[in-house]
Amino acid sequence: MKIVVVDDEMLALQSFLSNIIEYDVDYKFFKDGNTALEYATKNVVDALFTDIRMPNINGLLLAEKFIEINPEIPIVFITGMPITIEDLNDEIKKNIIGFLYKPYNANKLAEFLNSIKKRTPVLSIKMFGGFDCFVDGKLVMFSSSKSKELFALLITYNGKSLTMTDTISLLWGDSEIEKAKILYRNAIFRLRKTLSDIGVNCVGFKRAMLTLDKTYIQCDYWDFLKSGEGSYNGEFCKSYDWSIDYLFELDRIAEKMKK
């Protein structure tokens, strides 16, 4: 779980850190809302904790901007102000999970973190045979075949960064480079939109490189690589030409498990 914490008061940020450090949470602190917003456009963020009264951009407007990036993002307001959910507009109300009033209450913080963790759906991925993804047993429908193939390639990289060069070579190798770059960016936009719609914001993008947050993903391919357990049947992402390069290693693991 990755959270962004925004507060222009350094003492407040230090206090937050002292309360959150014992939890299994990845966090990023910002003193400025605009910097936090820039980070969120390029990285996976599972929740926003923000002060309300800040210079440059206040917490309420910042929350609206985060919702534009991820319509399902949970939000917690950190404040010393006597504000309640009735003071918020309808756009923010549907994302708010509570208020953390200063000075922080450690039990309340723990309650919010547990709530955010429970709200994050688990993405189940099947790669043996064809490639498909499921959330709560329902098939994820991708808006384009290339955005789906791009995700399959990223999952195959198993947590390693996937560069634009590698992606274009494997998915658009026959296209002119400028056209391929346009197709690449379009596929990324479509992929991240699909994942945002299902509440699994696991793909980050920066510096012509894709990254993957594996926290809320289950994958038969990963399980097989790790333990040899799974339903490998000699087929792997069979619709994609690049998948052939992985069959030798999978066959080797399968033969080893028979001995």
Side-chain angles (χ1 to χ4, degrees), residues 1-2 24-26 43-46 72 116-173 184 187-188 190-206 208-259:
M1 180 170 63
K2 295 186 177 181
D24 183 21
V25 176
D26 290 333
N43 297 274
V44 176
V45 178
D46 292 317
E72 304 299 324
I116 293 166
K117 187 174 182 179
K118 290 178 181 178
R119 286 171 58 133
T120 306
V122 174
L123 184 64
S124 177
I125 296 177
K126 306 298 181 185
M127 305 187 79
F128 295 146
F131 175 80
D132 280 307
C133 305
F134 303 85
V135 171
D136 296 330
K138 297 181 180 179
L139 180 67
V140 176
M141 302 301 295
F142 291 83
S143 60
S144 74
S145 60
K146 279 301 183 182
S147 65
K148 182 178 181 179
E149 184 176 2
L150 174 59
F151 193 43
L153 182 62
L154 183 58
I155 295 296
T156 303
Y157 267 54
N158 196 11
K160 294 187 296 183
S161 298
L162 176 59
T163 65
M164 179 177 67
T165 300
D166 285 350
T167 306
I168 288 177
S169 174
L170 292 169
L171 272 62
W172 294 282
Y184 169 74
I188 292 174
R190 286 173 174 266
L191 172 59
R192 298 187 76 189
K193 177 64 166 58
T194 296
L195 295 172
S196 177
D197 288 345
I198 63 174
V200 184
N201 294 282
C202 58
V203 173
F205 175 61
K206 56 183 177 181
M209 184 177 295
L210 289 174
T211 58
L212 181 71
D213 181 356
K214 299 172 61 177
T215 307
Y216 295 101
I217 302 176
Q218 297 175 346
C219 177
D220 57 355
Y221 170 62
W222 295 347
D223 292 341
F224 188 73
L225 291 180
K226 185 177 181 180
S227 63
E229 298 178 357
S231 55
Y232 176 59
N233 58 359
E235 295 183 336
F236 174 73
C237 292
K238 62 182 181 180
S239 299
Y240 308 134
D241 293 340
W242 50 262
S243 67
I244 297 174
D245 295 335
Y246 294 86
L247 291 177
F248 177 80
E249 178 62 15
L250 291 170
D251 288 340
R252 187 192 67 79
I253 295 173
E255 285 298 320
K256 182 179 179 181
M257 292 303 297
K258 292 178 181 178
K259 296 179 180 180

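- What you find for A187 and S147 is that their closest heavy atoms are O-CB, 3.5 Å.
- For E72 against S196, the heavy-atom pair with the smallest separation is CG-O, 3.9 Å.
- Ring geometry, F131 versus F142: the interplanar angle falls from 30° to 60°, so the pair is classed tilted.
- Remark: side-chain polar atoms of S243 are paired, donor with acceptor, to backbone N or O of C237 under 3.5 angstrom.
- Taking T215 as the reference, D213 meet the side chain to side chain contact (heavy atoms under 4.5 Å, CB included) condition, with sequence neighbours excluded.
- Here the closest non-hydrogen pair linking T194 and M141 is CG2-O, 3.8 Å.
- Taking the six-membered ring for Trp and thresholds of 30 and 60 degrees, W242 and Y240 have nearly parallel ring planes, at less than 30 degrees apart.
- Residues V45 and K2 have side chains not in contact (no heavy-atom distance under 4.5 Å, counting atoms from C-beta outward).
- Every residue two or more places apart in sequence or in another chain that forms a salt bridge (Lys or Arg N to Asp or Glu O under 4.0 Å) with K146 is listed here: E149.
- For D251 and Y232, the side-chain atoms include at least one donor-acceptor pair closer than 3.5 Å.
- Counted within 6.0 Å of CG on D241, heavy atoms from surrounding residues, nucleotides or ligands total 12 or fewer; the atom is thus considered open.
- Ring planes of F128 and Y221: perpendicular class, angle over 60° (limits at 30 and 60°).
- The closest side-chain heavy-atom distance from L150 to L162 is below 4.5 Å.
- A donor-acceptor contact shorter than 3.5 Å is absent between the side chain of S124 and the backbone of F134.
- At most 12 non-hydrogen atoms from other residues, nucleotides or ligands lie less than 6.0 angstrom from NZ of K206.
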